[in-house]
Amino acid sequence: MARLFGTDGVRGLANAELTPELAMSIAASAARVLAAHDHSHRPVAVVGRDPRASGEMLEAAVVAGLASAGADVRRLGVLPTPAVAYLVGALGADLGVMISASHNPMPDNGIKLFAAGGHKLPDGLEDEIEAGLDNGAVRPTGAQVGRVTDVDDALNRYVQHLLTATPHSLAGVRVVVDCANGAASIAAPEVYRKAGAEVIALYAEPDGININHDCGSTHMSRVSAAVREHKADLGIAHDGDADRCLAVDADGELVDGDQIMAVLALAMAESGELTDQTLVATVMSNLGLHLAMREHGVTLRTTGVGDRYVLEELRAGGFALGGEQSGHVVLPAHATTGDGLLTALRLMSRMAATGKSLADLAGVMRRLPQVLINVRVADKAAVAQSDAVRKAVEAVETELGDEGRVLLRPSGTEQLVRVMVEAAAQETAQAAADRLAGVVSTAS
């Protein structure tokens, strides 16, 4: 049977794959596992959600599951995922639960779990929780049943935390923010205004149905057009749970996660915040980021694809900045997970402090053309062992030299091999990727 927990919690079609019964079982098992690991007190859990309609149903199930296992519950309401992670630590909770499917369409939903301190659960604890589903455990009764209360100042606590982490006033910055009709709809415009920016808010009227619908960080054309229309200095687009952001400059040109990390890395190196002059990114980050960091004396450490691997490397090395091309950026001094609002605040703070446009700041990195082809194969293992594939990759790498890169990566869930090529010119990258894809397709 496939593992229930994926790289970012449990996700599925709400009320079909992700049912209230499953949500209740996950929550109850999580509370029991925590209690088994620490007998010193009864567990306390905080629960937040994004505004999609099914979140109301699943929140009720999660809260019931936690309380039925003897955990006291603090309901946070609709908040970004990073707010829930922050409040786990700020409120001294043992567990955080975020009900969200991030950038997925509205019918989907998900459950993310955070351990004490706001960190993602290690695989071992997730396995224990999964093993404990529906195990027939004796439920507490009477005074041992968990109690449920609301945290009325949850949003304000998070906003104040973000303002404290913002090093410079944003006065003079005009920003368009696309809230994806999601969890950032109140928090993002409020905190950007309180930090001093002039804010034009888009897609900030969630109705439970419209989250991520033709808006947010997966539809950048909307914020790009609005920036040009309002003559703004930049645009910020969040996903449904606001754990990431992408940006556009004053001309509406995309500034992706790699470029955002480049800007922040140099700012932090200048201020002495960049531990060991090191940035952590995944193998999917553009070669342009590698070249830019090398030019400025910053070491770039790479991990597997997924923000959890970035987080693991940040914690293991004590590094101060990491993230993904998709806009998940982690600043461990201020957050235990990707935080799109914090990222945007730091980016705008750099603009305000230097007086430079976002285009000028992002220009430190030239994004090389990148082509990605998903090749369906009969046997991923055969491709990995193929001499023909190895020789083809070596030949392309020799042709590209220092101005290009090849990455072959098997899918973790399907019989696919992802062929990625970067080169100085789009046509060069496309031709090389097509050639390699052909070799891969015949190797299995």
Q: Is the backbone N or O of Ala93 less than 3.5 Å from a side-chain atom of Arg74, with the two atoms forming a donor-acceptor pair by type?
A: no
Q: At their closest point, which heavy atom of Ala14 faces which heavy atom of Asn109, and how far apart are they?
A: CB-CB, 4.0 Å
Q: How long is the gap from CG on Leu314 to CG on Leu279, to the nearest 0.5 Å?
A: 8.5 Å
Q: Take atom CD1 in Ile186; do more than 12 heavy atoms of anything else shown fall under 6.0 Å from it?
A: no
Q: Do Tyr309 and Thr282 come close enough that some side-chain heavy atom pair is under 4.5 Å?
A: no
Q: Is it true that a side-chain atom of Thr354 and a backbone atom of Arg350 form a donor plus acceptor pair closer than 3.5 Å?
A: yes
Q: Which heavy atom of Leu246 sits nearest a heavy atom of Gly257, and at what distance?
A: CD2-N, 3.7 Å
Q: Throw together a table of side-chain donor-acceptor distances under 3.5 angstrom for residues 97-108, partners on residues two or more places apart or in other chains.
A:
from   : atom 1 : to     : atom 2 : distance (Å)
Ser100 : OG     : Asp50  : OD2    : 2.8
Ser100 : OG     : Ser102 : N      : 2.9
Ser102 : OG     : Asp239 : OD2    : 3.0
Ser102 : OG     : Asp241 : OD1    : 3.3
His103 : ND1    : Arg244 : NH2    : 3.4
Asn104 : OD1    : Arg11  : NH1    : 3.2
Asn104 : ND2    : Asp108 : OD2    : 3.2

Q: Classify the side-chain pair Asp94/His41 by whether it contains a donor and acceptor separated by less than 3.5 Å.
A: yes
Q: Look only at the side chain of Gln370 and the backbone of Met420, and say whether a donor-acceptor pair between them is shorter than 3.5 Å.
A: no
Q: Taking the side chain as every heavy atom from C-beta outward, state whether Leu95 and Pro43 have any pair of such atoms under 4.5 Å apart.
A: no
Q: Under 3.5 Å, side chain of Asn156 to main-chain N/O of Asp153, donor-acceptor pair present?
A: no
Q: Mind checking the CG-CG spacing from Asn212 to Asp214? Nearest 0.5 Å is all I need.
A: 10.0 Å
Q: Exactly one of Asp8, Thr337, Thr303, Asp123 should register a side-chain hydrogen bond (donor to acceptor under 3.5 Å, both in side chains) with Arg308. Which one does?
A: Asp123
Q: With side chain to side chain donor-acceptor pair (under 3.5 Å) as the test, would you mind laying out the steps for Gln259 and Arg367 before giving the verdict?
A: CA-CA 8 Å; Gln259 293 167 295; Arg367 194 168 60 233; 2.4 Å; yes
Q: Could you work out, with salt bridge (charged side-chain N to carboxylate O under 4.0 Å, His left out) as the rule, every residue matching Arg42, not counting sequence neighbours?
A: Asp72
Q: Is it the case that the side chain of Ser217 and the backbone of Ala237 share a donor-acceptor pair, with hydrogens and angles ignored and the cut-off at 3.5 Å?
A: no
Q: When you look at CD of Glu205, are more than 12 heavy atoms from neighbouring residues, nucleotides or ligands closer to it than 6.0 Å?
A: no
Q: What's the shortest heavy-atom distance between Val255 and Ala362, and which atoms?
A: CG1-CB, 4.1 Å
Q: Would Ile236 and Val176 count as a side chain to side chain contact (heavy atoms under 4.5 Å, CB included) here? Give the steps.
A: CA-CA 6 Å; Ile236 295 292; Val176 174; over 6 Å; no
Q: Below 4.0 angstrom, N of the basic side chain to O of the carboxylate: do Asp152 and Arg75 qualify?
A: no
Q: To the closest 0.5 Å, what do you measure between NE2 (His328) and CG (Asp339)?
A: 10.5 Å
Q: To the nearest 0.5 Å, how far apart are CG in Leu202 and NE2 in His238?
A: 11.5 Å
Q: Search all heavy atoms of Cys179 against all heavy atoms of Ala184 and return the closest pair with its distance.
A: SG-O, 3.8 Å
Q: Within this structure, what is the CG-CG distance for the pair Leu18 and Leu58, rounded to the nearest 0.5 Å?
A: 5.0 Å
Q: Is a side-chain N or O of Glu422 found less than 3.5 angstrom from the main chain of Leu287, in a donor-acceptor match?
A: yes
Q: Please check: side-chain N/O of Asp249 versus main-chain N/O of Leu234, any donor-acceptor pairing under 3.5 Å?
A: no
Q: Quick one: CZ on Arg52 to CE on Met57, what's the gap to the nearest 0.5 Å?
A: 11.5 Å
Q: Side chains of Met293 and Met261: closer than 4.5 Å at any heavy-atom pair?
A: no
Q: Main chain of Gly252, side chain of Ser224: is a donor-acceptor contact present, judged purely on distance under 3.5 Å?
A: yes
Q: Answer whether the closest heavy-atom distance between the side chains of Ile129 and Leu113 falls below 4.5 Å.
A: yes
Q: Could you check if a side-chain atom of Leu331 sits within less than 4.5 angstrom of a side-chain atom of Glu273, using non-hydrogen atoms only?
A: no
Q: Are any non-hydrogen side-chain atoms of Leu121 and Phe114 less than 4.5 angstrom apart?
A: no
Q: I'd like a table of donor-acceptor pairs (distance under 3.5 Å, sequence neighbours excluded) in which one partner is a side-chain atom from residues 162-173, with atom names and distances.
A:
from   : atom 1 : to     : atom 2 : distance (Å)
Thr164 : OG1    : Gln160 : O      : 2.9
Thr166 : OG1    : Leu162 : O      : 2.8
Ser169 : OG     : Ala171 : N      : 3.1

Q: Quick check: do Val151 and Leu87 have side-chain heavy atoms less than 4.5 Å from each other?
A: no
Q: Where do His290 and Thr302 come nearest, in terms of heavy atoms and distance?
A: CE1-CG2, 3.7 Å
Q: Taking Ser29 for the side chain and Ile26 for the main chain, is one N or O donor matched with an acceptor at less than 3.5 Å?
A: no
Q: Would Val73 and Arg147 count as a side chain to side chain contact (heavy atoms under 4.5 Å, CB included) if you check the C-alpha gap in whole Å, the side-chain angles of each, and the deciding distance to 0.1 Å?
A: CA-CA 6 Å; Val73 184; Arg147 305 298 298 273; over 6 Å; no
Q: CZ of Arg228: more than 12 outside heavy atoms within 6.0 angstrom?
A: yes
Q: Applying side chain to side chain contact (heavy atoms under 4.5 Å, CB included), run through Leu22 and Leu4 and close with a yes or a no.
A: CA-CA 11 Å; Leu22 177 58; Leu4 180 64; 4.3 Å; yes
Q: Do Met284 and Glu324 come close enough that some side-chain heavy atom pair is under 4.5 Å?
A: no
Q: Apply side chain to side chain contact (heavy atoms under 4.5 Å, CB included) to Val330 and Leu311, showing your working.
A: CA-CA 8 Å; Val330 186; Leu311 285 162; 3.7 Å; yes
Q: Which label fits Tyr86 and Tyr158: parallel for a plane angle under 30°, tilted from 30 to 60°, or perpendicular past 60°?
A: tilted
Q: Give the minimum heavy-atom separation between Ala437 and Val375, together with the two atoms involved.
A: CB-CG2, 3.7 Å
Q: Hey, does the side chain of Asp178 reach the backbone of Ala180 with a donor-acceptor pair shorter than 3.5 angstrom?
A: yes
